[in-house]
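Being a predicted model, the structure only gives us computed values, none of them experimental.
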Amino acid sequence: MFPSLQFSSDSVNIIWNVVIISPVYTLFSKVHSDRNVYPSAGVLFVHVLEREYFKGEFPPYPKPGEVSNDPITFNTNLMGYPDRPGWLRYIQRTPYSDGVLYGSPTAENVGKPTIIEITAYNRRTFETARHNLIINIMSAEEFPLPYQAEFFIKNMNVEEILASEVLGDFLGAVKNVWQPERLNAINITSALDRGGRVPLPINDMKEGVYVMVGADVAFSSCLREVENPQNQLRCSQEMEPVITCDKKFRTQFYIDWCKISLVDKTKQVSTYQEVVRGEGILPDGGEYKPPSESLKSRDYYTDFLVTLAVPSAVALVLFLILAYIMCCRREGVEKRNMQTPDIQLVHHSSIQKSTKELRDMSKNREIAWPLSTLPVFHPVTGEIIPPLHTDNYDSTNMPLMQTQQNLPHQTQIPQQQTTGDFRLTTFQRFEVNGIPEERKLTEAMSL
């Protein structure tokens, strides 16, 4: 069974619905797996989802005395909706700990059954089990309590304060300080839900939890000590205020007295103000009246043509103008040549021919030698001589330096040596501007 706890009433004791008042408030059906609980509006409601209860729902079913420790998680939602009601929260730290539903029911839900679907997942076998929790909210006497105080406990997490023994000890300490006739735990909120930071995992640091309690008598003098100027100054300087009754909590609970909130609902003035109509406020026009079905149909064909035809016509005109500029306004090659001087055209043509010839030579090395490299006349006789190499000459085997041999354009002349003999010396014929240079040959012959 999962216990449902309700913290309220005169003796500030914990009422276990399963053990004490189950014949009156708890109905359990094994066929439909439904459970009924009856919390009071404005009083803290706690419902524990015990893993031990759901272990028997997953096959293979454990035998009597057999202990299984499968990881189990829970998913809770309002029947027909993806989430829980706004006043109901759920927490489960690890798959090996029990889940807890807690919150403070509101007066708007009094008399309306709230069905919570509880789905348990076995993370080892992936089996599921579903139960329904029917929450029947009852109206509470003197709701809400006129005096409410909210404490911030620094050394606990929300699931720790939700334990029945711990919350009972805290309410007992508050009762000793406050001395009320009625004391109820109204709500519990984690500090993370108030914008707090997740604590570092060192020195067993806790998240902190806010606990709101309500009573039917005014605040005690000890609780009022927080409002005196000296303690307010110490709180502004991030120092601990001096509270005489702090020792009654210090044994188990570390209270941050600078964050305590005292609310006296008997002195609260209604903030409702009647709206004075004037400039900037529209008059009341009554209920909205939708248009009748007898409206005349409107023809949008003309609007469609205007919207489509005008941009299309503008685009067509721009296209024609661009086409005329690009195609009809070209000067052409003939007009360009007519406006260019002839000598410039000849120079340009010769450069193109030379470039083409060099490119053709680089592509094929076995073609005929360029005409500019061939001799035209014999240096002595003046006859036209054949080219140095034939067309089928392999230029790849040509040495870098030609050997001295009798070629048609070379002249051999005798030269006297020091011993009186003569030797032949070969001279290369030179030409300057097409005129053969005979000076060297004449000087050599006169030796």
Side-chain angles (χ1 to χ4, degrees), residues 5 7-8 12 14 42-49 76 84 86-94 96-104 145 147-178 183-215 219-220 222-227 231-263:
L5 312 181
F7 301 91
S8 63
V12 199
I14 303 168
V43 180
L44 179 64
F45 166 73
V46 180
H47 185 82
V48 182
L49 305 179
T76 59
R84 298 174 298 276
W87 61 269
L88 189 62
R89 299 186 181 95
Y90 168 75
I91 186 171
Q92 184 186 16
R93 288 291 179 178
T94 64
Y96 297 96
S97 60
D98 296 335
V100 181
L101 286 168
Y102 66 100
S104 180
L145 293 174
Y147 301 96
Q148 298 178 3
E150 187 177 54
F151 299 85
F152 178 65
I153 305 175
K154 298 185 293 184
N155 64 325
M156 285 193 178
N157 294 331
V158 63
E159 70 276 6
E160 297 175 351
I161 195 65
L162 287 174
S164 58
E165 300 84 0
V166 179
L167 186 56
D169 294 341
F170 178 76
L171 293 178
V174 174
K175 186 178 181 180
N176 293 333
V177 173
W178 202 337
L183 182 67
N184 293 347
I186 298 177
N187 198 5
I188 291 180
T189 308
S190 173
L192 300 183
D193 297 334
R194 298 283 188 90
R197 296 183 177 181
V198 178
L200 296 175
I202 56 175
N203 299 331
D204 195 21
M205 298 182 65
K206 303 294 183 178
E207 298 172 357
V209 59
Y210 291 88
V211 180
M212 178 177 287
V213 297
F219 302 109
S220 62
C222 175
L223 298 179
R224 291 289 186 182
E225 292 179 0
V226 183
E227 299 178 350
N231 287 330
Q232 291 294 325
L233 178 61
R234 295 177 66 88
C235 288
S236 63
Q237 297 175 353
E238 298 183 357
M239 299 175 61
E240 287 287 341
V242 179
I243 307 297
T244 57
C245 58
D246 181 57
K247 58 183 180 181
K248 295 184 179 181
F249 295 91
R250 184 66 63 175
T251 56
Q252 190 176 0
F253 308 98
Y254 293 152
I255 307 297
D256 189 348
W257 293 100
C258 292
K259 293 184 179 181
I260 190 174
S261 176
L262 304 178
V263 179

Legend entry - R89 vs D193 side-chain heavy atoms within contact, under 4.5 Å: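 Yes, side chains in contact.
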Results of side-chain contact (heavy atoms from CB on, under 4.5 Å) for [X] - residues two or more places apart only:
X	result
S220	V177, C222, L223
A173	F249
V166	M156, I161, A163, Q252, F253
N176	none

Legend entry - Main-chain N/O of I186 paired to S104 side chain as donor or acceptor, under 3.5 Å: yes
For [X], salt bridge (charged side-chain N to carboxylate O under 4.0 Å, His left out) partners two or more places apart:
X	result
D256	none
K154	E240
R194	E150

Considering residues at least two apart in sequence or located in another chain, which fulfil the side chain to side chain donor-acceptor pair (under 3.5 Å) criterion with [X]?
X	answer
Y147	none
N157	none
Q148	none
T244	E225

Taking all atoms of both residues into account, what is the closest heavy-atom pair of [X] and [Y], and its distance?
X	Y	answer
M239	C258	O-SG, 3.9 Å
A149	F219	CB-CE2, 4.1 Å
L44	N187	CD1-CA, 4.3 Å

Inset, instruction - Answer yes or no: does atom CD of E238 have more than 12 heavy-atom neighbours from other residues, nucleotides or ligands under 6.0 Å? - result: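 Count not over threshold, so no.
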Inset, instruction - Have a look at V213 and tell me which of L171, I188, L145 forms a side-chain contact (heavy atoms from CB on, under 4.5 Å) with it. - result: L171
Working to the nearest 0.5 angstrom, can you tell me the gap between [X] [atom1] and [Y] [atom2]?
X	Y	atom1	atom2	answer
C235	E227	SG	CD	11.5 Å
F151	I260	CZ	CD1	4.0 Å
L49	I91	CG	CD1	12.5 Å
I243	N231	CD1	CG	4.5 Å
Q92	Y90	CD	OH	3.5 Å
T189	Y102	OG1	OH	7.0 Å

Legend entry - Pair listing, salt bridge (Lys or Arg N to Asp or Glu O under 4.0 Å) test, anchored in residues 196-208, at least two apart: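 Checked against salt bridge (Lys or Arg N to Asp or Glu O under 4.0 Å) - neighbours excluded - the pairs reaching residues 196-208 are R93-E207, E160-K206, D204-K206.
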Legend entry - Donor-acceptor pair between W257 and D246 side chains, under 3.5 angstrom: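 Yes.
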